[in-house]
Protein chains: 2
Amino acid sequence: MTKVENIPLSRKLSAFVALSKADLAVIERLHRRRRSFASGRDMVHQGQAGQAAYILSVGWVCSYKIQPDGTRQIVDIQVPGDFLGLRSVLLRTSDHSFEPIGEIQAAEVLPGDLLEVFAQAPRLALAILWAVSRDEAMVVEHLVCIGRRDAEARMAHFLLELGSRLALVKMGSKAGYDCPLTQYHLADALGLSAVHVNRVLRQLRDSGLVTFRDGHVTFHDYNRLVELAEFDPAYLDQIGPLLK
Amino acid sequence: MTKVENIPLSRKLSAFVALSKADLAVIERLHRRRRSFASGRDMVHQGQAGQAAYILSVGWVCSYKIQPDGTRQIVDIQVPGDFLGLRSVLLRTSDHSFEPIGEIQAAEVLPGDLLEVFAQAPRLALAILWAVSRDEAMVVEHLVCIGRRDAEARMAHFLLELGSRLALVKMGSKAGYDCPLTQYHLADALGLSAVHVNRVLRQLRDSGLVTFRDGHVTFHDYNRLVELAEFDPAYLDQIGPLLK
DNA sequence: ATGCTGGGCTGATCGAGAGCAGCCTTCGGG
DNA sequence: CCCGAAGGCTGCTCTCGATCAGCCCAGCAT
């Protein structure tokens, strides 16, 4: 068993709140029901009822919605330390599906566990609420990206955001990060065709900004990329006043 | 002062939970700090800190994000009974702006009020949490629309969703509803140009599906429109198991 | 009365990105 | 050893929707 301080969720929250021993103990307890899921097989399928939530500890997951015509839209990517499916605990049925990208490990969280956290570790509960708000802010930013930016900016923004999120859990830096996504994932996330994703990636590579290749993202000129993407990490970095 | 049962928030929540006398009393108390806002003047500007949240009682509001290049994306529309700005209470600064569409009235909600609700009316608190989740589900659906549907389907979906939401607070039906939005609002919400919005509206009108004109939306063939939009109101209608 | 502004409407042109078609490489399984 | 599938890559054509330009009408301020 990894040390509590190295559980991705601890790392992520620690970046914003000083976690007490008690908080860490609760985080550890939350991870008691470990589950593994195989690549590609949906963990939760849209429309499914009575779902648990999870805390992702190893691997990546994407949450998406499928249209009747077969096209899909990836709404969000989860990386280690992220919650997933919290909303399907509150609503009866899940409104979207979750697909593991590669083998993953996640801790199952039942409604009862949440009540426990809220009762025993209010400070941690607040931190979780904050994390949920942040996820929501990310979805909103994603919406803006798709609605109002061109393909190049979308891609740049997406890769930068992932970088920032991974940096929080020590899995990436301004130099780059490992990334198990395929170009199809990128297409489904950004509302583009796979073909066009390929071209955009080449464009970005040719202009010396960023390389996406062989499961690795390498930033060549972080600052110029930020500029191109109009990437403002404020919505990722800010901490709530209630947590200070 | 209107009767509590007719406050839009009561109407909306009543559609899903049986509210007790005590719950209604709390709702009434939440509406004690009434504010009016003039058309077009942002109530909250993106980046502004230390904001209150509001419960909208009269009029419509849109929440949007402005890009550096001036284009804007409307993320969501609020109609009577909706919360707005709840997230900016939890995060330090608001990540988007709110613009009243026409004169509006809203009740100010301070962080303290929320704590009060959670302490005194846990059932109502759950209902609020549910409402927030539902709002989130709407944003996700919006994202899918923009990412993976063409202009016509987007428009149809948008008008239908608004219709369903308004029906909840008795301000609309399958026949139609009053709608203060301009074609510019539609454009900014759907990620289209105003010009194209106009064309799409004409198309929908010419094919006898729906008319958007003079501040009124009229459905001519609700079922065919639902089909065109692939509109599935499941994400709007479902109630959480915890509330039953 | 006259201009001005906001909202709606239309035509013509242009371009980003979709769709289609096909090729290459790698990798895992019979 | 071969085959097929998955992922990546490229060229060509075509379409959806952006952009530009301009007109119309109603309301209102001067």
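Sequence lines set the chain letters: A, B, ... in the order given, protein chains first and strands last, and positions in each chain run from 1.
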Report task. Among C/dG8, D/dG7, D/dG11, find the nucleotide with the atom closest to the side chain of A/Y184. Result -> D/dG7

Query raised in the report: In terms of side-chain heavy atoms of A/F212, which of D/dT10, C/dA18, D/dG8 is nearest?
Result: D/dG8

Report task. Using a 4.0 Å heavy-atom cut-off across all strands, classify B/T182 as base, sugar-phosphate, or nothing. Result -> sugar-phosphate

Requested in this report: Show the numbers, then the answer: is there a salt bridge (Lys or Arg N to Asp or Glu O under 4.0 Å) between B/R165 and B/D76?
Outcome: CA-CA 12 Å; B/R165 295 171 62 187; B/D76 201 0; 3.5 Å; yes

Query raised in the report: With a non-hydrogen cut-off below 4.0 angstrom, is A/G215 in contact with a base, only sugar-phosphate, or nothing?
Result: nothing

**Report entry** Parallel, tilted or perpendicular, as decided by the 30° and 60° cut-offs, for the rings of A/F219 and A/Y222
**Finding:** perpendicular

Query - From C/dG19, D/dA18, C/dG11, nucleotide with atom closest to A/V195 side chain - result: C/dG19

Query raised in the report: Is there a side-chain contact between A/L162 and A/L181 (heavy atoms, below 4.5 Å)?
Result: yes

Query raised in the report: B/R213 has a side chain; which of C/dC20, C/dC9, D/dT19 sits nearest to it?
Result: C/dC9

Query raised in the report: Got a sec? Which of residues 197-210 of chain B come in under 4.0 Å of DNA chain D, heavy atoms?
Result: B/R199

Query raised in the report: Rounded to whole angstrom units, what separation is found between the NE2 atom of A/H196 and the P atom of C/dC20?
Result: 17 Å

Query - 5′-ward residue of the pair A/D150/B/Q183 relative to DNA chain C - result: B/Q183

Query - Rounded interatomic separation in angstrom, taking CD1 from A/I101 and C1' from D/dA6 - result: 15 Å

Query raised in the report: Would you say the side-chain atoms of B/E161 and B/Y235 include a donor-acceptor pair closer than 3.5 Å?
Result: yes

Query raised in the report: Centres of the B/Y54 and B/F37 rings: under 6.0 Å?
Result: yes

Query raised in the report: So does B/R134 pair up with B/E141, basic N to acidic O under 4.0 Å?
Result: no

Query raised in the report: Nearest-Å distance, CG (A/L181) to C1' (D/dA6)?
Result: 15 Å

Requested in this report: State plainly whether the residues A/E99 and A/R72 are in salt-bridge range, i.e. N to O under 4.0 Å.
Outcome: yes

Query raised in the report: Looking across every strand, which nucleic acid part, if any, lies under 4.0 Å from B/G191 by heavy atom: base, sugar-phosphate, or nothing?
Result: sugar-phosphate

Query raised in the report: Taking OP1 and OP2 of C/dA18, is either one under 4.0 Å from a side-chain nitrogen or oxygen of B/R148?
Result: no

Query raised in the report: Within this structure, what is the CG-to-C1' distance between B/D188 and D/dA18, rounded to whole angstrom?
Result: 14 Å

Query - Protein-nucleotide distance (A/M155, atom CE; C/dG17, atom C1'), rounded to Å - result: 13 Å

